[in-house]
**Q** 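There's a structure below that I have some questions on.
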Amino acid sequence: MNLHTVICIGSNVESKQLNVAEIVAQLATMFKHFRASDIYENADDSGLGNPYANAVCCGDYDGDFDSLAAFAAQREAMYGRTPHSKTSGVMPLDIDIVVFHDCIINRTQFDKDYFRQGYTQLSASTPLCPSMPK
């Protein structure tokens, strides 16, 4: 059974490219059939902070949602994210689970231009999931 999951990663601090690349590498060890977009930059849509480095990753994840969410929260904290990061415009690391086991669970993120850029790159040659829109 394929349990397709799509994650968006972002960072807007000085080490943003490295932060995103490190998380991509870590996720690659957790997923089967793992693929990642290029790391690309987008403006901070809140207008508060620096441009973001983003990447979108996908693959088959056999674990449960809680374990993946815990991984994301732990890594965000480890990289210096605080409860005030978003409102201050400084985001050391943001990991969003957008699709989990073939279900869009974060429609807001799914519809954002910065997510769609990486998602489109990954799905250009092969749909990420037949049931999900391109």
Side-chain angles (χ1 to χ4, degrees):
M1 173 193 275
N2 289 338
L3 302 172
H4 211 75
T5 298
V6 184
I7 294 176
C8 185
I9 306 162
S11 176
N12 73 347
V13 296
E14 188 174 326
S15 59
K16 61 189 173 188
Q17 296 277 338
L18 178 61
N19 293 358
V20 172
E22 286 176 352
I23 297 304
V24 168
Q26 291 173 34
L27 288 169
T29 68
M30 300 167 58
F31 285 70
K32 296 176 189 164
H33 312 292
F34 182 82
R35 295 188 302 158
S37 71
D38 295 333
I39 296 173
Y40 53 93
E41 285 207 12
N42 286 90
D44 177 4
D45 63 359
S46 74
L48 296 174
N50 295 321
Y52 274 77
N54 293 105
V56 174
C57 307
C58 68
D60 297 330
Y61 182 73
D62 292 333
D64 60 49
F65 179 83
D66 290 340
S67 65
L68 188 57
F71 166 85
Q74 190 255 359
R75 288 306 186 276
E76 288 173 344
M78 191 168 83
Y79 278 73
R81 182 171 175 169
T82 69
H84 305 291
S85 290
K86 191 165 267 193
T87 57
S88 71
V90 177
M91 185 62 68
L93 187 63
D94 187 31
I95 303 172
D96 292 313
I97 304 166
V98 181
V99 176
F100 187 75
H101 292 184
D102 290 328
C103 296
I104 298 170
I105 61 166
N106 191 331
R107 174 56 74 176
T108 300
Q109 287 293 323
F110 191 86
D111 291 336
K112 294 281 188 177
D113 288 339
Y114 58 80
F115 172 80
R116 301 297 293 180
Q117 183 176 344
Y119 182 81
T120 300
Q121 181 188 8
L122 288 175
S123 62
S125 60
T126 306
L128 296 180
C129 170
S131 64
M132 291 174 12
K134 268 193 170 182

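Just so we're clear, the structure is a prediction, and the values are computed from it rather than from any experiment.
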**Q** Does one hydrophobic cluster hold both I95 and Y40, with members joined at side-chain heavy-atom distances below 4.5 Å?
**A**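 Result: no, two separate clusters.
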**Q** Ignoring hydrogens and angles, state whether a donor on the side chain of D102 or H4 is under 3.5 Å from an acceptor on the partner side chain.
**A**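 Side chains of D102 and H4: no pair found under 3.5 Å.
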**Q** Within the side chain of N19, is there an N or O that forms a donor-acceptor pair under 3.5 Å with the backbone of P92?
**A**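 Looks like yes, one N/O pair under 3.5 Å.
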**Q** Quick one: does S67's side chain have a donor or acceptor within less than 3.5 Å of a partner on G63's backbone?
**A**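 Here the side-chain-to-backbone pair does not exist.
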**Q** Can you tell me how far apart CG (N50) and CG (D44) are? Round to the nearest 0.5 Å.
**A**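 If I round to the nearest 0.5 Å, the distance is 8.0 Å.
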**Q** Could you tell me which non-hydrogen atom of C58 sits nearest to which non-hydrogen atom of F31, and how far apart they are?
**A**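 Residues C58 and F31, closest heavy atoms: C-CD2, 4.5 Å.
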**Q** Please work out which of the three classes, parallel, tilted or perpendicular, describes the rings of F65 and F100, given edges at 30° and 60°.
**A**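 It falls in the perpendicular class, over 60°.
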**Q** Judged by atom type as modelled, is there a donor-acceptor pair below 3.5 Å linking the side chain of Q109 to the main-chain atoms of I97?
**A**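 Checked: no pair found.
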**Q** Any chain of hydrophobic side-chain contacts (each under 4.5 Å) joining I7 to I39?
**A**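 Linked, I7 and I39 end up in one cluster.
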**Q** Between D64 (side chain) and D66 (backbone), is there a donor-acceptor pair under 3.5 Å?
**A**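 A pair under 3.5 Å: yes.
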**Q** State yes or no: do V24 and L68 share one hydrophobic cluster built from I, L, V, M, F, W and Y residues joined by side-chain heavy-atom distances below 4.5 Å, directly or via other members?
**A**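 The answer is yes; both residues are in one hydrophobic cluster.
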**Q** Kindly compute the distance separating CE (M30) from OG1 (T5), expressed to the nearest 0.5 Å.
**A**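 So the CE of M30 and the OG1 of T5 are separated by 10.0 Å.
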**Q** Please check if the distance between the ring centroids of Y52 and Y114 is under 6.0 Å.
**A**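 Here the rings of Y114 and Y52 have centres that are no less than 6.0 Å from each other.
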**Q** Would you call the rings of F110 and F115 parallel, tilted or perpendicular, where under 30° means parallel and over 60° means perpendicular?
**A**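 Plane angle between 30° and 60°, so tilted.
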**Q** Show your reasoning for whether salt bridge (charged side-chain N to carboxylate O under 4.0 Å, His left out) applies to E41 and K16.
**A** CA-CA 10 Å; E41 285 207 12; K16 61 189 173 188; 3.5 Å; yes
**Q** Using a distance-only test with no angle check, is there a side-chain donor-acceptor pair under 3.5 angstrom linking Q121 and D38?
**A**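 The criterion, which ignores hydrogens and geometry beyond distance, is satisfied for D38 and Q121.
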**Q** For L122, does its backbone N or O pair with a side-chain atom of R35 as donor and acceptor, under 3.5 Å?
**A**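 Here the side-chain-to-backbone pair exists.
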**Q** Answer with yes or no whether the side chains of Q117 and N54 bring together a donor and an acceptor at under 3.5 Å.
**A**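 Looking only at side-chain atoms, Q117 and N54 do not form any donor-acceptor pair under 3.5 Å.
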**Q** According to a 4.5 Å side-chain heavy-atom criterion applied to Ile, Leu, Val, Met, Phe, Trp and Tyr, with indirect links allowed, do V90 and L93 form part of one hydrophobic cluster?
**A**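 No, V90 and L93 fall in different hydrophobic clusters.
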**Q** Between K32 and D62, does the salt bridge (charged side-chain N to carboxylate O under 4.0 Å, His left out) criterion hold? Intermediate values first, please.
**A** CA-CA 8 Å; K32 296 176 189 164; D62 292 333; 2.6 Å; yes
**Q** State, without any angle test, whether S85 and Y79 hold a side-chain donor-acceptor pair at a distance under 3.5 Å.
**A**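 No, because no side-chain N or O of S85 sits under 3.5 Å from a partner of the opposite role on Y79.
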**Q** The criterion is side chain to side chain donor-acceptor pair (under 3.5 Å); which residues satisfy it with D94, sequence neighbours excluded?
**A**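 Listed in chain order: R81.
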**Q** Between S37 (side chain) and V56 (backbone), is there a donor-acceptor pair under 3.5 Å?
**A**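 Judged by distance alone, yes, a pair lies under 3.5 Å.
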**Q** Indicate yes or no for a side-chain donor-acceptor contact from N12 to the backbone of M91 under 3.5 Å, with no hydrogens or angles considered.
**A**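 Between the backbone of M91 and the side chain of N12 there is a qualifying donor-acceptor contact (under 3.5 Å).
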**Q** Would you say I9 and C57 make side-chain contact, with heavy atoms under 4.5 Å?
**A**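 A side-chain contact exists here, since the closest heavy-atom pair is under 4.5 Å.
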**Q** Which value, rounded to the nearest 0.5 Å, describes the distance between L27 atom CG and T29 atom OG1?
**A**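 Reported value, rounded in 0.5 Å steps: 7.5 Å.
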**Q** Do V13 and V20 land in one hydrophobic cluster if side-chain heavy atoms of ILVMFWY residues count as linked below 4.5 Å?
**A**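 No, V13 does not connect to V20 through the hydrophobic network.
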